[in-house]
Participant: 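Mind having a look at this structure? Questions to follow.
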There are 2 protein chains.
Amino acid sequence: MHNAFTPHTSGDLNYLKSLNRSTILSTVRRSPGLSRADIALRTGLTKATVGSVVQALVERGWLREGELHSRGGGRPGRALYLDGERHYMLGAEVGVKGLRLVACNLLGVVLASIHQEEPPTDPATTAKRLAALLVQLRQAPGIADRRCLGLGVAVPGPVSPKAPILSLAPNLGWVDIDFLALLREQPDLPDGVWLLDNEANAAAFGEFYFFEGVPPESIAYISAGSGIGCGVVSGEHFPLVPRGHQGLVGEIGHTVIQPGGALCHCGNHGCAETLVSGWALREALHVDIDASLSHAVLTRAEDGEVQAVMKRAGEALGLLMLNLHHTLNPSMLILGGSLMKLGESLTGPALAYFGTHQNDLLRQSQTVPVKVIGDSTYVAARGAAAQVMARAAIEV
Amino acid sequence: MHNAFTPHTSGDLNYLKSLNRSTILSTVRRSPGLSRADIALRTGLTKATVGSVVQALVERGWLREGELHSRGGGRPGRALYLDGERHYMLGAEVGVKGLRLVACNLLGVVLASIHQEEPPTDPATTAKRLAALLVQLRQAPGIADRRCLGLGVAVPGPVSPKAPILSLAPNLGWVDIDFLALLREQPDLPDGVWLLDNEANAAAFGEFYFFEGVPPESIAYISAGSGIGCGVVSGEHFPLVPRGHQGLVGEIGHTVIQPGGALCHCGNHGCAETLVSGWALREALHVDIDASLSHAVLTRAEDGEVQAVMKRAGEALGLLMLNLHHTLNPSMLILGGSLMKLGESLTGPALAYFGTHQNDLLRQSQTVPVKVIGDSTYVAARGAAAQVMARAAIEV
DNA sequence: ACACTTAGTTAATAGCATTTACTAACCACT
DNA sequence: AGTGGTTAGTAAATGCTATTAACTAAGTGT
């Protein structure tokens with residue numbers, strides 16, 4: 001059971017308890033500072049139930065009591081917050097360009113991180129390398145005395161929905177890798193929940209789970225890097241990431257948006273990745289594989305050819321966003337991935353295209369909010385950690 | 001609460017009970033003839049729980065006991081089946097071309113149907129017309145003595161996920177219609193569950209819920225008619241239809257697959273509907289709005305121009321199927337809608353394109369099975385009835 | 001000082017699934 | 001025919017859960 005939320009089908013009393021515990025936790029996560037009475041009101045649970053569950057969660061270090069807030073007459077309620085002091089989750093991303101690791105607390109705050117810019121080689125060696133870094137990370141100040149809830153790993157390719165196995169990582173040349181099994185062979189790693197997920201899914205989950213501000217109803221996170229993928233999340237108390245039959249949900253890089261267009265490495269013509277992706281841009285701009293794409297683009301920003309290429313890529317991204325809106329209809333779009341370092345030159349045309357071509361299917365013409373994450377170095381790693389927390393909250 | 005399954009967030013003991021009841025019912029639905037012991041084994045519930053729930057379901061007319069089946073030594077189990085004799089659900093489709101109504105039993109068998117080929121006018125008049133037909137349908141032989149579980153209505157446009165309201169039906173000129181409220185004003189309609197859903201969603205749900213044969217893990221139902229839409233369903237015991245923020249999930253007709261292509265009525269260029277839809281084909285083939293499109297196509301099948309148009313449309317459909325596969329990744333695709341009456345001339349190129357362009361993203365190159373429904377007259381109406389059953393099963 | 005209001009806890013209660021022990025029904029072998 | 005073995009299903013008790021109802025706690029306003 002590798003997903004954060006594989007919905008239970010049948011239930012005993014234990015299940016009911018964990019359901020309510022998770023609900024209460026997520027209510028506090030989404031609205032910090034609520035009192036027990038507020039929670040009871042919002043969830044429909046009784047004061048007694050909320051009281052006993054909260055008590056257990058405070059004792060176990062998931063929740064902490066805060067200040068009193070009096071609202072008019074009556075006894076003031078005691079504010080409740082997620083306790084950021086007693087637990088942490090490990091999250092790691094095995095990226096095409098290197099390894100990223102974070103340890104973060106229940107609030108999503110990154111307590112420590114490691115970023116090692118060196119491409120993975122084979123799976124076993126990479127597992128060994130990652131394990132060593134994890135051990136190092138766990139020794140960071142202020143972490144050692146906390147309890148570890150588990151480890152989430154994000155990988156650059158589809159993960160089978162049936163088992164935590166990386167089906168394919170085209171940019172690493174890996175096929176059907178049981179990466180967690182390789183990790184388990186390494187010494188000194190923590191117990192707890194272990195999860196494996198696709199990079200875009202993990203990132204999407206994290207951005208949804210730890211969203212700052214009014215939580216959106218659902219999001220689609222577009223990860224534009226070497227390739228282009230997308231993760232979708234929705235669900236108030238139990239955020240769900242649809243994965244599909246083979247874990248291909250959101251593989252929008254290979255949706256065809258220009259029939260008869262350029263040849264993609266997948267064999268088809270006119271895939272989105274032929275227009276907007278790291279390798280497509282490198283090719284179009286004659287940037288070497290080792291050179292920095294963003295450096296090249298930003299220094300040659302005035303160059304007419306560069307502008308044309310970026311406009312074309314940006315508009316392709318905008319078109320992808322539109323198609324996504326009409327297929328998955330999230331309430332918010334988030335743009336991330338290494339390509340976002342290219343800044344306005346890419347996001348400008350994308351947002352312009354998306355804004356001007358949003359059709360008036362529904363009169364209300366609500367524009368879909370778009371959030372751009374400029375530096376998404378640790379987004380996927382933190383998202384993997386978020387999935388660990390969500391899963392651990394069910395078990396406690 | 002208009003969806004068949006709005007997931008509960010917090011639970012009392014009642015919820016637990018209905019969860020298990022639904023699980024047991026869906027186990028029998030998907031595998032008719034199981035014994036109590038089989039169900040206990042599959043669901044993880046204990047024999048005692050299954051026994052008591054089954055007893056209640058038999059008493060209420062949801063399940064019936066069948067033959068004994070002995071497997072080797074030991075007392076033989078008693079086969080269980082959904083009881084097709086004691087209940088029925090009403091399903092109706094308000095289509096662009098007319099009204100379709102069905103009454104079907106718990107097995108999905110259509111007990112009676114009415115098809116009135118006359119386009120709807122305004123919402124109130126249509127509600128009145130539909131209500132009269134519903135009254136008529138309920139008087140059909142073999143129906144009057146059953147209990148009605150409720151009524152589901154399918155409409156040709158997106159339904160708000162927040163409330164059972166038809167947001168927009170472009171082909172009817174209806175905007176923000178509370179159709180169920182209009183229906184409720186009519187006399188002699190049954191109590192029970194009342195639901196409203198988009199036509200493609202309802203059809204998808206029905207095809208999934210009452211699937212004949214080994215049930216697929218998830219399906220996408222592409223509805224190609226005047227416009228082109230799509231419904232998605234997945235979930236073993238609790239089939240879920242994602243609707244998205246505004247109920248636009250699956251509005252693939254307005255995904256752009258030919259940038260700079262023909263102008264769509266939505267204002268954009270190159271939408272899928274400009275290539276494959278009833279009105280696009282009529283335009284391309286100069287078929288009058290009142291004339292039969294399928295008649296024109298089938299009689300002029302040898303015509304080179306017709307073949308070219310159909311090939312282009314079919315390939316666009318195939319491309320849509322591919323993009324859907326990479327975005328939603330269902331384990332099965334179902335093609336339906338009035339356009340399927342055009343037969344091979346459309347599905348031929350579509351299936352050929354889909355088959356030859358399926359890329360080898362995952363080595364296993366499992367081809368996605370495609371099922372074509374030639375006559376989908378009552379598919380949406382029956383699907384709406386299926387949603388009623390699913391909802392009623394939770395409450396019983 | 002008092003009534004009033006809201007927050008939160010406690011003890012009793014009802015409902016659920018489970019456990020354990022039982023009965024029911026069939027097979028195979030003697 | 002009889003007996004032991006095996007599986008299906010039921011019944012009574014047990015333990016856990018959330019709810020109800022009654023309570024205490026802690027503030028405000030008059």
Side-chain angles (χ1 to χ4, degrees), chain A residues 8-24 27-28 31 33-59 63-81 394-396, chain B residues 8-25 27-28 31 33-59 63-81 237 394-396:
Chain A
H8 290 69
T9 55
S10 66
D12 54 9
L13 291 168
N14 258 332
Y15 170 67
L16 194 58
K17 180 116 197 183
S18 86
L19 189 78
N20 287 339
R21 185 170 49 227
S22 276
T23 303
I24 289 172
T27 304
V28 176
S31 305
L34 292 181
S35 67
R36 289 162 175 80
D38 295 329
I39 296 172
L41 204 67
R42 292 203 186 194
T43 59
L45 297 167
T46 59
K47 286 194 299 176
T49 305
V50 173
S52 78
V53 171
V54 164
Q55 190 186 0
L57 287 171
V58 169
E59 277 165 15
L63 292 180
R64 68 175 177 84
E65 297 192 316
E67 78 287 354
L68 292 169
H69 41 56
S70 50
R71 278 168 294 202
R75 172 177 168 178
R78 177 74 63 181
L80 293 167
Y81 298 94
I394 293 179
E395 296 169 0
V396 170
Chain B
H8 290 69
T9 56
S10 66
D12 54 7
L13 291 169
N14 260 331
Y15 169 67
L16 194 59
K17 178 115 197 183
S18 85
L19 189 77
N20 288 340
R21 186 171 47 227
S22 276
T23 303
I24 289 172
L25 268 177
T27 304
V28 175
S31 304
L34 292 181
S35 67
R36 290 162 175 80
D38 295 329
I39 295 172
L41 203 67
R42 293 203 184 193
T43 58
L45 298 167
T46 59
K47 286 193 300 176
T49 305
V50 173
S52 79
V53 171
V54 164
Q55 190 187 1
L57 288 172
V58 169
E59 278 166 13
L63 292 179
R64 68 175 177 84
E65 297 191 315
E67 78 289 355
L68 292 169
H69 40 56
S70 50
R71 279 167 295 200
R75 170 176 167 178
R78 177 73 63 181
L80 294 167
Y81 299 93
H237 297 299
I394 294 178
E395 296 170 359
V396 170

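Throughout, a chain's letter reflects where its sequence line sits, starting with A, and its residues are numbered from 1.
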Participant: Applying side-chain contact (heavy atoms from CB on, under 4.5 Å) between B/Arg21 and each of B/Ile394, B/Val396, B/Val54, report the one that passes.
Facilitator: B/Val396

Participant: Show every donor-acceptor pair shorter than 3.5 Å between a side-chain atom in residues 66-75 of chain A and any protein atom, with sequence neighbours excluded, or say none if there are none.
Facilitator:
from: A/Glu67; atom 1: OE1; to: A/Tyr81; atom 2: OH; distance (Å): 3.2
from: A/Glu67; atom 1: OE2; to: A/Tyr81; atom 2: OH; distance (Å): 3.1
from: A/His69; atom 1: NE2; to: A/Gly33; atom 2: O; distance (Å): 2.9
from: A/Arg71; atom 1: NH2; to: A/Asp38; atom 2: OD1; distance (Å): 3.2
from: A/Arg71; atom 1: NH2; to: A/Asp38; atom 2: OD2; distance (Å): 3.3

Participant: Looking at the side chain of B/Leu13, which of D/dT17, D/dT19, D/dG9 is the nearest nucleotide?
Facilitator: D/dT17

Participant: Which pairs with one or both residues in residues 49-59 of chain B pass side chain to side chain donor-acceptor pair (under 3.5 Å), sequence neighbours excluded?
Facilitator: B/Thr46-B/Thr49

Participant: Could you run through nucleotides 20-25 of chain D and give me one letter per nucleotide, 5' to 3': B if any protein heavy atom sits under 4.0 Å from the base, S if only the sugar-phosphate is that close, - if neither?
Facilitator: B----B

Participant: Test of understanding: with side chain to side chain contact (heavy atoms under 4.5 Å, CB included), list the residues that count as partners of B/Ala37, not counting sequence neighbours.
Facilitator: B/Ser35

Participant: Measure CG/B/Leu19 against C1'/D/dT17 and give the value in whole Å, please.
Facilitator: 15 Å

Participant: According to side chain to side chain contact (heavy atoms under 4.5 Å, CB included), who are the partners of B/Leu13, at least two apart in sequence or on a separate chain?
Facilitator: A/Leu13, A/Leu16

Participant: Just to verify, what does A/Arg42 make a side chain to side chain donor-acceptor pair (under 3.5 Å) with, not counting sequence neighbours?
Facilitator: A/Ser31

Participant: Could you tell me whether the side chain of B/Leu80 reaches within less than 4.5 Å of the side chain of B/Glu65, counting heavy atoms only?
Facilitator: yes

Participant: Between B/Ser70 and D/dT7, is there a side-chain N or O to OP1/OP2 distance below 4.0 Å?
Facilitator: no

Participant: Between C1' on D/dT19 and CG on A/Leu45, what's the gap in Å once rounded to a whole number?
Facilitator: 11 Å

Participant: For the residue pair B/Arg36 and B/Arg78, establish whether any side-chain heavy-atom pair is separated by less than 4.5 Å.
Facilitator: yes

Participant: Return the CG to CG distance between A/Leu45 and A/Leu19, rounded to the nearest 0.5 Å.
Facilitator: 9.0 Å

Participant: Hey, is the side chain of A/Asn20 poking within less than 4.0 Å of OP1 or OP2 on D/dA18, counting only N and O atoms?
Facilitator: yes

Participant: Using heavy atoms to find the nearest nucleotide of DNA chain D for B/Gly51 and A/Leu68 separately, return the residue whose nucleotide is more 5′.
Facilitator: B/Gly51

Participant: Let me know the distance between CG of A/Asp12 and P of D/dC16, rounded to the nearest Å.
Facilitator: 12 Å

Participant: Once you round it to whole Å, what is the distance between C1' of D/dG9 and CZ of B/Arg78?
Facilitator: 11 Å

Participant: At the 4.0 Å heavy-atom cut-off to chain B, mark where contacts on DNA chain C begin and end, going 5' to 3'.
Facilitator: C/dG15 to C/dC27

